[in-house]
Participant: 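One structure, as structure tokens, below. Some questions next.
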Amino acid sequence: MQPQYPFQEIEHATQQGWATKQTFRAVADSSKPKYYCLSMFPYPSGKLHMGHVRNYTIGDVLTRYHRMKGYNVLQPMGWDAFGLPAENAAIQNKVPPAKWTYDNIAYMKKQLQSLGFAIDWSRELATCQPEYYKWNQWLFLRMLEKGIAYKKTQVVNWDPVDQTVLANEQVIDGRGWRTGALVEKREIPGYYFNITGYAQQLLDDLDKLPGWPERVKTMQANWIGKSTGVRFAFTHAIQDASGQLIDDGKLWVFTTRADTIMGVTFCAVAAEHPLATLAAGSNPALSAFIDKCKQGSVMEADMATMEKEGMDTGLTVTHPLTGEQVPVWVGNYVLMTYGEGAVMAVPAHDERDFAFAKKYHLPIKQSVAEKGEGGIEKGYAIEAWQEWYASKSGYCCNSGKYDGLSYEAAVDAIAADLHAKGLGDKQINWRLRDWGVSRQRYWGCPIPIIHCDSCGDVPVPDDQLPVKLPEDCVPDGSGNPLNKREDFLNCACPKCGAPAKRETDTMDTFVDSSWYYARYATSTVASGFNPDVMVDAETNHWMPVDQYIGGIEHAILHLLYSRFWWKVMGDVGLLSSATPRFARDDVCREPFANLLTQGMVLNHIFSRRTDKGGIQYYAPEEVTLVHDAAGKLTGATLNADGLPVDFQGMGTMSKSKRNGVDPQALIEQYGADTARFFMMFAAPPEQTLEWSDAGVDGAHRFLKRLWSFAYENSEAIKAITSRGPVLLEINNLSDSAKAALRELHENLKQANFDLERHQFNTVGAACMKILNILQRINEPVLKSGYALSIDISPRALIWANGLSILLRILSPICPHITQALWAELGYGDDILAADWPQPLEAALVQDEIELVIQVNGKLRGSVTVARTLEKAAIEALALEQSCVQKFLEDGASVRKIIVVPNKLINVVVG
RNA sequence: GCCGGGAUGGCGGAAUCGGUAGACGCAGCGGACUCAAAAUCCGCCGCCGCAAGGUGUGGGGGUUCGAGUCCCCCUCCCGGCACCA
């Protein structure tokens, strides 16, 4: 054994040992409870960053902990390999996305392996492999057959200069990131998944997930957003150029506030609405306004924060209940693709409509009143918006026959009247929209459709799957290179055999990540996963995932899409045919039983605007920070030119913002165990973490201290471990030794509690405390007059016991050093095979307890009493204390004494 | 803007059910060892104060014998907002 902590040597040797013995190969074993632990797979961006280290260490700690507790564990890993950054890299470096991606995977895999994760690498997958995405295509076709997938128009960001569709990320202040051109909203056809058809299930099943954080379930429920409202029509006789009634003379709208219908003073329609198009034909100003509305991004955050603008069409429609003529406006905040593309406006009771009406001097008509203090009706003034104007707790006013009705009663009555006229009905509305999956990009899974002039859109037959993506294209920013690939494009129509063209859109990468967890669990053959089916009986053994771990940023989209996809897999019969368990009604059809949402690892973001209006990001190590007088960070200068850069605040580590911190230097300088310990010790897993390497030294120092302690006492400890189990005779221990042993086991108890609640930072603290205790133990540890019958150091008995606990509870976090010491000190060959330690109840018993004394809730002293002392005696004892008597001198009397058992006494005087 | 979360010493954080605020570390300061440095070890360390004591968990209010913890209002920060993944 070496005196210095040889981390490189032991980490290499330990990892070698695991690889040779295939220690982490997951083999289904029904004799044990199974534990499928899954961390969200990474996008292969190039290098790992600290967020990955955090995520995967959390997963590894849980995997190893459960393995030692006797579970049959599976921890796989793979690559979310399709996506935009590969295309961006291609534009920049002229490297094909496939090569870039596979190179990154190779490098990042090495990094992951050097961290010593207990991963079954035989189940590795990458979503860009045809063997994987074949099943995306296969299920897409099943969804098409069942009507779950369908085609309609979508709105995209269009760069008029590059003639290409932009991702939201590529739109900066309404302009294209490369060209600086004003982005336009453009309508193009695309495929959708009918996730709204599953909205009720997705909402209901949240209740079947007790192992999910409440906040994630709340976010999902709000996102799904079930509301009951009324869909109704304003009537009109407006005709298009050919004399046809537009939309059969009905302007449909949806509202959750039908009770305010008598307060409608105008309607607003989207720029693309037929009524807007018609009015623009004879109104150049309106036509120009509509063109302006079509500029800007399609992001909801932009829509919500932009200035609300509108213009009168000059058209009017008829209010279905009052018969009044209501003007129709075009509003830049109304989107054609959401709802009906038109809304009723009630400025008196909707904040957005109120602001709009004030701006354009439209009438504001109060139709709901509310009573305030003393039952007096609150006054309505149009000067300024008041919070209560939008309240649903009032009653109708200025609404004719509906006056006095509550929200619910008014909605019911109004819906009934609209129904009677054939102009409307109650309708359940979801905030959730159908999932648009078409992407006009190259580096993704091809959508398996063939376009034939005579047969239309024809699905690719199953036996022609997968539709393989050519891997040698190099995107240049001017659209999808597949459109220029004749060998990909040209094919025969599967129906009529005539020459036809392949669909060149690829799937949203959220499709890839919606089922990878199931593929990992599928049985493997020598060449990889079962090539004949999407999932099979082995999936039945491992699913659902027992613990899913990933960033909180995935709380809504990825998790919702995965839940949806898993339900669809069930509904197309995949799970019930392959896996009888899922055919049962009592099985919760949810893919992730327990969810741990890891907090983001943040770092500084620095950027500069480019001359074309784009953004260039700079890594934190490329800049020098500038602080104001108070020490607050205000900006930075670029080291290369000394000129200022913008400080954009703290944000998630990402390749695109260039603020990721590569763990490589840390691993090389301190070792994997230090990196892992440091990340776990820094904060509890769910908490956001601002990156700082302050404290790495402390983590490393602890491991060095552990190693030296073991080295210095190895002979004494081996003398004990070589004898097999030796009983600790607690009654023979000296008081100080007994106290040390008690502290030891209290820390073990706390560590077990903390592991169960996933608070790994305090598990690390417990390990440090245990080492501190062991180092503090001094002779004598036996009561005077007692001796051990065997020839060993009595002190070493406690060391051996304490160290065996410390090594085991530390091993999930630091698996290398603990394995090395476990074997070296003679505890056993493999720490993973050791039993998980449990505290010794006898060691925890405490005869005397310190009680805190408070006077009026303030700490004034303490007394030490026998654990069994009666409450009355405790009260009497407390009153005797000088720290209490002091407060009774001026004739004040004791009003109350509160005794909290084993904790404190509060004497209330006055 | 909307939805969700967060704020505790110079820093990361602890405090499990409303009961001793600051565990365990980092940084800092003092000391030992050393020719010296590193490493290591020992001690101190919220703020004000010589002390007694006072004060203190983003800010303001409330409930309670007692509030970091519960309630109301506000500020700032982070995540998401459907084509970043």
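Only heavy atoms go into these numbers, but all of them, side chains included; no hydrogens, no water, no symmetry mates. Lettering follows sequence order; numbering is per chain, from 1.
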Participant: On the nucleotide C26(B), are OP1 or OP2 found under 4.0 Å from the side-chain N or O atoms that Arg701(A) carries?
Facilitator: yes
Participant: Between Ser862(A) and Glu850(A), do the side chains contain an N or O donor and an N or O acceptor separated by less than 3.5 Å?
Facilitator: yes
Participant: Would you mind classifying the nucleic acid contact of Pro42(A) as base, sugar-phosphate or nothing, using non-hydrogen atoms under 4.0 angstrom?
Facilitator: nothing
Participant: For Glu351(A) and Ser438(A), find the nucleotide of RNA chain B closest to each by heavy atoms; which residue's nucleotide sits nearer the 5' end?
Facilitator: Glu351(A)
Participant: Pick base, sugar-phosphate or nothing for Phe510(A), based on heavy-atom distances below 4.0 Å to the nucleic acid.
Facilitator: base
Participant: Can you run down the salt bridge (Lys or Arg N to Asp or Glu O under 4.0 Å) pairs that involve residues 647-660 of chain A, sequence neighbours left out, and say none if there aren't any?
Facilitator: Glu622(A)-Arg658(A)
Participant: In terms of side-chain heavy atoms, does Arg895(A) have a donor or acceptor partner in Asn856(A) at a distance below 3.5 Å?
Facilitator: no
Participant: What's Thr218(A) touching, base or sugar-phosphate or nothing? Going by heavy atoms closer than 4.0 Å.
Facilitator: sugar-phosphate
Participant: Below 4.0 angstrom, N of the basic side chain to O of the carboxylate: do Glu746(A) and Lys749(A) qualify?
Facilitator: no
Participant: Verify whether one side chain among Tyr198(A) and Trp565(A) offers a donor that lies under 3.5 Å from an acceptor in the other.
Facilitator: no
Participant: Who pairs with Val343(A) by side chain to side chain contact (heavy atoms under 4.5 Å, CB included), at least two apart in sequence or on another chain?
Facilitator: Ala268(A), Val334(A)
Participant: Closest to the Lys769(A) side chain: G13(B), G25(B), A23(B)?
Facilitator: A23(B)
Participant: With sugar-phosphate meaning primed atoms plus P, OP1 and OP2, does Arg895(A) contact a base, only sugar-phosphate, or nothing at under 4.0 Å between heavy atoms?
Facilitator: nothing
Participant: Pick base, sugar-phosphate or nothing for Leu432(A), based on heavy-atom distances below 4.0 Å to the nucleic acid.
Facilitator: base
Participant: Does the side chain of Lys704(A) get closer than 4.0 angstrom to OP1 or OP2 of U40(B) through an N or O atom?
Facilitator: yes
Participant: Would you please confirm or rule out a distance under 4.0 Å between OP1 or OP2 of G12(B) and any side-chain N or O of Asn761(A)?
Facilitator: no
Participant: So Asp754(A), base contact, sugar-phosphate only, or nothing? Heavy-atom distance under 4.0 Å.
Facilitator: nothing
Participant: Which pair of non-hydrogen atoms, one from Leu84(A) and one from Ala167(A), has the smallest distance, and what is that distance?
Facilitator: CD2-CB, 3.7 Å
Participant: Less than 3.5 Å apart, any donor N or O on the side chain of Thr196(A) or Asn194(A) sitting next to an acceptor on the other?
Facilitator: yes
Participant: Is there a side-chain contact between Gln759(A) and the phosphate of A15(B), meaning an N or O under 4.0 Å from OP1 or OP2?
Facilitator: yes
Participant: Answer with base, sugar-phosphate or nothing: what part of the nucleic acid does Met306(A) contact at a heavy-atom distance below 4.0 Å?
Facilitator: nothing
Participant: Using a heavy-atom cut-off of under 4.0 Å over every strand shown, decide if Ala301(A) touches base, sugar-phosphate, or nothing.
Facilitator: base
Participant: Do any pairs count as a salt bridge (Lys or Arg N to Asp or Glu O under 4.0 Å) and have a residue in residues 681-690 of chain A, sequence neighbours left out, and if so which ones?
Facilitator: none
Participant: Taking any heavy-atom pair under 4.0 Å as a contact, classify Arg860(A): base, sugar-phosphate, or nothing.
Facilitator: sugar-phosphate
Participant: Answer with base, sugar-phosphate or nothing: what part of the nucleic acid does Tyr43(A) contact at a heavy-atom distance below 4.0 Å?
Facilitator: sugar-phosphate
Participant: Is it true that the side chains of Arg563(A) and Gln220(A) contain a donor and an acceptor less than 3.5 Å apart?
Facilitator: yes
Participant: Scan Arg439(A) against the nucleic acid and name what it touches under 4.0 Å (heavy atoms): base, sugar-phosphate only, or nothing.
Facilitator: base
Participant: Name the closest nucleotide to the Asn222(A) side chain, picking from G25(B), C65(B), C3(B).
Facilitator: C3(B)
Participant: Does the side chain of Asn136(A) pick up a donor-acceptor pair with the side chain of Trp515(A) at under 3.5 Å?
Facilitator: yes
Participant: Polar atom pairs between nucleotides 72-80 of chain B and protein, under 3.5 Å, N or O only, would you list them?
Facilitator:
residue, atom, partner, partner atom, Å
C78(B), OP1, Met650(A), O, 3.3
G79(B), OP1, Thr652(A), N, 3.2
G79(B), OP1, Thr652(A), OG1, 3.3

Participant: Respond yes when some side-chain nitrogen or oxygen of Thr509(A) is under 4.0 Å from OP1 or OP2 of A85(B), and no when none is.
Facilitator: yes
Participant: Counting any heavy atom closer than 4.0 Å, what does Val156(A) reach on the DNA or RNA strands: base, sugar-phosphate only, or nothing?
Facilitator: base
Participant: When all nucleic acid strands are considered with a 4.0 Å heavy-atom cut-off, which category describes Gln170(A): base, sugar-phosphate, or nothing?
Facilitator: nothing
Participant: Is there a Watson-Crick or G-U wobble partner for A82(B) with both distances under 3.5 Å, and if so, which one is it?
Facilitator: none
Participant: Would you classify Val165(A) as touching base, sugar-phosphate or nothing, given that sugar-phosphate means primed atoms plus P, OP1 and OP2, and contacts are heavy atoms under 4.0 Å?
Facilitator: base
Participant: For the pair Asp162(A) and Arg178(A), evaluate salt bridge (charged side-chain N to carboxylate O under 4.0 Å, His left out) and give the outcome as yes or no after the intermediate values.
Facilitator: CA-CA 8 Å; Asp162(A) 265 350; Arg178(A) 276 161 35 87; 3.3 Å; yes
Participant: Within the sub-3.5 Å range, which N or O atoms of nucleotides 17-20 of chain B have a protein N or O partner, and how far apart are they?
Facilitator:
residue, atom, partner, partner atom, Å
G19(B), N2, Asn906(A), ND2, 3.3

Participant: Can you pull every protein N or O that's under 3.5 Å from an N or O on nucleotides 55-60 of chain B?
Facilitator:
residue, atom, partner, partner atom, Å
U55(B), OP2, Lys858(A), NZ, 2.9

Participant: Looking at Phe356(A), I'd like to know if the NZ or CZ of Lys308(A) sits under 6.0 Å from its six-membered ring centre while staying within 45 degrees of the ring's axis.
Facilitator: no
